[in-house]
Student: 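Supplied in structure tokens, the structure appears directly below.
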Amino acid sequence: MNRMHAQTLLFVLLGTVPLVVAGAGVIAFLLMRAGYGVLVWAVMPFVASLLVVAALAFVLSRAAGGLRGRGERGSTEGRRRHQDGV
């Protein structure tokens, strides 16, 4: 995966996080105005926004090939050690 594609996915993440936080704020305000308790209007939108951002970050990191880099680096180091006779 080229570097430009990974940067584009990073900017997608950085652009959507403020929207998710703003949506959680609006939902918290509406729940507060509806008369729900502090646990519902303060904690639940916050936890929900954390889960949404974490899921989005996981999906975008997989799309950018985030787990592939560690495996390739480890196998390269193993080959170098084998070639050196160590």
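Sequential numbering from 1 along the given sequence is applied to the chain's residues.
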Student: Of the non-hydrogen atoms in G15 and P18, which two are nearest, and what is the gap between them?
Tutor: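 G15 and P18 have their closest heavy atoms at O-CD, 3.5 Å.
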
Student: Treating Ile, Leu, Val, Met, Phe, Trp and Tyr as nodes and any side-chain heavy-atom pair under 4.5 angstrom as an edge, say whether M44 and F46 lie in one connected cluster.
Tutor: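 As far as the 4.5 Å side-chain criterion goes, F46 and M44 are not connected within one cluster.
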
Student: Could you give the side-chain donor-acceptor pairs of residues 26-38 under 3.5 Å, partners two or more places apart or in another chain?
Tutor:
none

Student: Run through the side-chain heavy atoms of Ile, Leu, Val, Met, Phe, Trp and Tyr, join any pair under 4.5 Å, and report what else lands in L14's cluster.
Tutor: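 Traced through the cluster, L14 reaches L10, F11.
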
Student: Could I get the full list of side-chain contact (heavy atoms from CB on, under 4.5 Å) partners for V17, not counting sequence neighbours?
Tutor: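 So V17 forms a side-chain contact (heavy atoms from CB on, under 4.5 Å) with L13, V21, V53.
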
Student: Output all residues satisfying side-chain contact (heavy atoms from CB on, under 4.5 Å) with V59, sequence neighbours left out; order by chain, then residue number.
Tutor: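 Partners of V59 under the side-chain contact (heavy atoms from CB on, under 4.5 Å) test: none.
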
